[in-house]
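Notes to accompany the following structure.
Computed over heavy atoms, backbone and side chain alike; hydrogens, waters and symmetry mates excluded. Just so we're on the same page: letters track the sequence lines, and every chain starts at 1.
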Amino acid sequence: MHLLWLCTAVIWITQTWAIQASEVGVVDWHKPLVGVPLFGALTTAPRFQRVGNAGAKSRSLLFTASSGNILAAIDPADGEIAWRYVFEDNEHIIGYKHHGEVVAAVSGAGGATLRLLDAATGDLLAEKRLHKPEFGRLFDPATIGTTISFDAEGDIYVVSNAHIARRVDGKTGEVKWGWTAPDQSSLVAYSKIVTTPTTVYLIGLAKSFASYTIHVTALSTTTGELLTSGHIPSSISDGLTDFFELRDVKDASVPPRIVWIEGGSVRYFTLTPELKEKPMGFKGATYKNILDIGLSEYGQFIALREDGTARVLRSVPEGFRQIWEFAESANSPKYTASKYVGALDMDGRSYVARVYWSNVYKKAVVHVFAGHLAEGKGLVSGYTFPFETNVHGVLSHVTVEAANPEGNTIVARLALTTTTGAIQLWQHDRLQWAREEGLADMKVAELVELPERKITTSQVGDEEESFGDRLVRQLSDAQNFPQYAANFVRRFVTGSYASASSSAAPSANASEPLARDEFGFRKMIVAATAHGKLYGIDSANGAVLWSRVFGLGWAAEIGGQVIPVKMFVTRTVSDGDAPQVVLVTQRKASNGLMDTVLFHVDALTGEDARGVSASGDLLQGFDIIAGPIVEAYMLRNGPQKFVVLLDEFVQVHIYPDTAENKEAFRQLVPSIHIPLRTGAPGERRLTGHRISSEIEFTGKHVADIAWSLGFPAGEDVLSITPRSPHEPVASLGKVLGNRTTLYKYLNPNLMAIVTGSPTAVTPKCSLYLVDGAKGTILYHVALPSAEGACDVKVSLTENWLVYQYYDGDASGVQSTKSHRVASVELYEGFGIDQKTRSSDLSSFSNETTALAVFEQAFILPRGINVITTTSTSNGITIKDLVVASETHQIQSFPRRVLDPRRPMRKPTNQEMEEWLIQYDPIVYDDPKRVLSHNYQVVGTKHIVTSPALLESTSLIFAYGHDLFFTRIAPSNTFDVLSESFNKAQLVLTIAGLALAIIITKPMVRRKRLRERWYD
Amino acid sequence: MRLPLTLLALATSCCTTLAVDLKGRVQWNELCPSLGDLGQAKAILDDGRLHGGITRDGSFEIPDVSPGTYILNVVSHDYQFDKLRVDVFETESLPEIRPYIPGTPLSPPSSVTLPYPILLTPRVKNDYFIPRQSFNLMGMFQSPMMLMMLVMGGVMLAMPYILKTMDPDALQDFNKRQARIGALQSSLQSGDLSGGLSALMTSGQEESSASTGAAKQATPSSSVKQRGGKNRRR
């Protein structure tokens, strides 16, 4: 019997809305991203690499490690992702190195894990733990102390944690030998490695009084035993950039060397197994700096003179030789500081490129130097390319791949990384493709409704219109009639109506103004990234319709960063005009000053709504507070909407600061309750604030403390999830099978608070439901902590609280380790048919604490990262749970399954009337409910749900790294004729019946006649 | 500086003696023939704090697993694997692997033990899509509803001819029954459920009384026959 019930439950659950294979890419879209390249260190920066055996068969790929903790290869031909490998969140990529068909990557603290990947497909070949992450030494930046090198056989030499060297088999990933620096010298941080067929040299820095001294250890390649070790007389001031190794893989007569800069001169040391050589100086000029341009394996580097002039130096058997000096490379106000980068061509010949921005031509300039051309004298080829600095910011990294197809022509392919996070590929001066990788770092996003398509009317009611004029007008209006009639007939016959599963993208006619589709599926996604750019994205297909780069205001001269905090839609289509968006940001200037800046734009075009900045220019903000903000809200008073900001001194700032808004705010003051997190870290409390109705002498309202809620000692407030203040609630209660009613507890000030006590002896987590108006705890539950961390995901909507946690306790008899989701429903009073009108109750009434709680926990099939619920325009449709899971999927779970009132036994008739099914601890994992189906939606951090015009449908937008957009109909599309509705069947049936009537009518008539005659 | 470092080294050594590197392999099958089909996947213990990536040959290694009971799972985008229970012991003995059904208590453990190194098999490939419902004339006529409709239509059309060829007695009977059902239907339609039921009951009674009546009628005749028989014997 039990099985039967389970079966019916499963069948009933599976009979729900799911996507059809033909709808992929029509109702949804997915934008896979690699993330913004980590260009800070050479080991993680983008590089062109030839994959496969050298020669014509190899193909070039653009490798990069990114801020999304992804190692990716991009096909330079079309800009598509060839492959990407996603690393764990707590395991940052420290470096990667490519050799032949293998990419080796180290990640984690101090280089805890080594992975070998197939360079062409990204398949994992081997994974080797080098040390426990807890024992990883932390460096700043994390890239020092770890390095990888390949030898000719493909074996990998890796230094990790700055003192352990290993030789790892390039095929199996087995460690052939390991060498750990003895204790006394672990003050030496090894950061470079040079391999020769017989000897491995580990190069590190030892701290001396004011500077660093180079320390070299020579090990045997075959056994890993120590040959020699010693300091090299040297004094290095910057341990990151001032020294590196040099060798020449093409010329064995050039010995491996270390080169460094000391007191204005370039010095070098030739590496021999005995370390007997003396440090030498390169005579000639004084230099300010040396640059590793990625050609250290080809013996080339750049030395900068005091005035900024760059010289290309090359390691030769007898020392160094200057092979080129870039003309006009000295510092000048006419152009920005140059970026130097090395490049290789298909045959492994080296090139050096210099890229800069010319303030005179307002273009980017490239000079490519090829040392082997012009009979070995060297040749530079230069050109400009039109880089759009207003759209993409400033060049922050360049990598180059060169080719020398014939004679003295050089073709260069540049992959640029810009400050806005875009990757661009320029072939000569043509832009081949661009990837907006800044979108992977989206901080806030809102879905803005689009206006209806305007029907052009040729004439507005004009009283004094003569008969002739009217006739002409009506004729001209009627000229489209045949087309309309034809359309109507075709639509009627074929039944091709707009359906709930058709694409919302506009037809090819791009000249039409932005308009929504029939059902409101098409919206504008306005999103701001941490890389200083605001985007307007078409939700129908993910195309970027407009983008604006933030101006830095006064901080433009010294530089800074704009961090988006919140975004508000201050005007919607229903307010009558073009929708507008206000973005609240914090601007962090390079000198440490923090300001609060607002950007106010038209959501359809990205134009500055304040009219300050021109359309093609940088978007200038409005400095509202000279300091950080504590909280920002949007208040509504009828159709009026305005933004309210609280500064550090809890003073109220209103934007736009008009007299109307001030008056509206004064009226709203009594109903505003602001709970804030206060106190030092570790003892944070929740403090409720009320706003004074009087204006202080500063001309501003000030918030005063009204109540304070202290949690048990050591418990820290980790997150606050308020109930969405303006969500539509369709029904105030739930009618049960026995015709009684449970009234929903709809306190508008409800908020869920997660606390944790990480420092306590037995760490635990807690979840509280608090009345934000007076600080009353309405519900409290203690949750297990996973090794001191509180990873509780919470969603609160209407009277429904859902939270997810991991229960790793295996000590009890009945315990089971699993991901749990708890569903809590709150109802008014202490039982059925009790009504307190909680939604309109005064916050000071005692009855706000009168509530009945129904709760039940379920086992989830897997861990999840984000949890939210669907939202529809009127709240009639059931709210399903939408989660982003650890398998990189966006999945929905039906509300009915998570109903806390599911009975523990076979449901009675009354319960069946309510559609309650028997409790089953496991939430059925239905692949049909995976909204993202085949897409790998990596790194989702937020899911926004937004209503469509159709009540049945909710729009879902997931962001954080990859972008994903889809629609979901939790109760099926009940308000639209279903896609499977069979118009042909209906027409056929009617036609058949009509035919039957036509056939039987004469028969019946004849029969009647006969009856009259013979009866 | 030296003391903490030696302590660190000691800690490392003591931990390495206790902790185990858990090894296993994914068995490629026709459902999932290679890593290219599986995609980036990892084997995780519990909530994923300990994990190991699945390599091209299917093998994986979860390093530094301290003694305890764990649930082993595979995080894969498109494939479902069995969950396993792994017990790692403080002694030198090999970890014990057992099948585990999600949602069941950990103790008592299953009596079935699986071999170590762990062997995992892809069980199900996720099917995310529902088939499209398309219009098909044959399919339409094959559906039972449609067949019933056709049969009903046929019966309706053929009814006058059947009635004509029927035995007059049977026809009478049939008409009576028809009328009864008609009455029941009309009472149901008018919402008078009890009336309809009572009508059914009374009709049932009528029927039973009619049958008993028939029996009564039958018994005298038989007695007459018997009598006649007696008479004949006389």
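Contact annotation for A:Ala126: only backbone heavy atoms (N, CA, C, O) come within less than 4.5 Å of a heavy atom of chain B. Contacts between A:Tyr935 and chain B at a heavy-atom distance below 4.5 Å involve the backbone alone (N, CA, C, O). Of the two parts of A:Thr1000, only the side chain, counted from C-beta on, holds a non-hydrogen atom closer than 4.5 Å to a non-hydrogen atom of chain B. Proximity to chain B involves both the backbone and the side chain of A:Val86, based on heavy atoms less than 4.5 angstrom apart. When heavy atoms are compared at a cutoff of 4.5 Å, A:Gln891 does not approach chain B at all. For chain B, the nearby parts of A:Tyr85 are the backbone and the side chain; heavy atoms of each come within less than 4.5 Å. Residue contact with chain A, scored on non-hydrogen atoms closer than 4.5 Å, involves the backbone and the side chain of B:Ser107 alike. With a 4.5 Å cut-off on non-hydrogen atoms, A:His933 touches chain B through its backbone and its side chain both. Neither the backbone nor the side chain of A:Glu134 comes within contact range of chain B, judged by heavy atoms closer than 4.5 Å. Looking at B:Ser59, there are no atoms closer than 4.5 Å to chain A (heavy atoms on both sides), in backbone or side chain. Proximity to chain A is limited to the side chain of B:Ile44, based on heavy atoms less than 4.5 angstrom apart.
Considering only heavy-atom pairs separated by less than 4.5 Å from chain A, the leading option among B:Asp47, B:Leu106, B:Val75, B:Val124 is B:Asp47. Interface summary for chain A: among B:Gln80, B:Met149, B:His51, B:Lys83, the most heavy-atom pairs under 4.5 angstrom belong to B:His51. Chain B forms more heavy-atom pairs under 4.5 Å with one residue of A:Gly173, A:Ser932, A:Ala21 than with any other, namely A:Ala21. Most heavy-atom pairs under 4.5 Å with chain B: of the set A:Ser818, A:Gly808, A:Pro927, this distinction falls to A:Pro927. When each of A:His888, A:Met1003, A:Gln889 is scored by its heavy-atom pairs under 4.5 Å with chain B, the top score falls to A:Gln889. By number of non-hydrogen pairs under 4.5 angstrom with chain A, the leading residue of B:Ile54, B:Asp78, B:Asp46, B:Asn73 is B:Asp46. No other option in B:Ile71, B:Asp127, B:Thr69, B:Leu35 has as many heavy-atom pairs under 4.5 Å with chain A as B:Asp127. The most heavy-atom pairs under 4.5 Å with chain B, out of A:Leu125, A:Ile859, A:Asp925, come from A:Leu125.
Electrostatic pairing of B:Arg85 and B:Glu96 does not count as a salt bridge here, judged by no charged N lying under 4.0 Å from a carboxylate O. Salt bridge annotation for A:Glu886-A:Arg862: absent, with no cationic side-chain nitrogen under 4.0 angstrom from a carboxylate oxygen. Between B:Arg98 and B:Asp87 there is a salt bridge, with a side-chain nitrogen of the basic residue lying less than 4.0 Å from a carboxylate oxygen of the acidic one. The pair A:Asp791-A:Lys793 counts as a salt bridge, with a side-chain nitrogen and a carboxylate oxygen less than 4.0 angstrom apart. Ion pairing of A:Arg115 with A:Glu91 is present here, as a side-chain N (NZ or NE/NH1/NH2) and a carboxylate O approach within less than 4.0 Å.
Side-chain contact between A:Val792 and A:Leu783: present, with at least one pair of heavy atoms (C-beta onward) separated by less than 4.5 Å.
Within the 3.5 Å criterion, the main-chain N or O of A:Glu88 finds a donor-acceptor partner in the side chain of A:Asn69.
Between A:Phe964 and A:His30, the angle of the ring planes goes over 60°, which puts this pair in the perpendicular group of the 30/60° scheme.
The cationic group of A:Lys817 lies under 6.0 Å from the six-membered ring centre of B:Tyr70 and within 45° of the ring axis, placing it in a cation-pi geometry.
A side-chain donor-acceptor contact under 3.5 Å links A:Thr816 and B:Tyr100. Side-chain N/O atoms of B:His77 and B:Asn126 include no donor and acceptor closer than 3.5 Å.
The aromatic ring centres of B:Tyr79 and B:Phe81 sit 6.0 Å or more apart.
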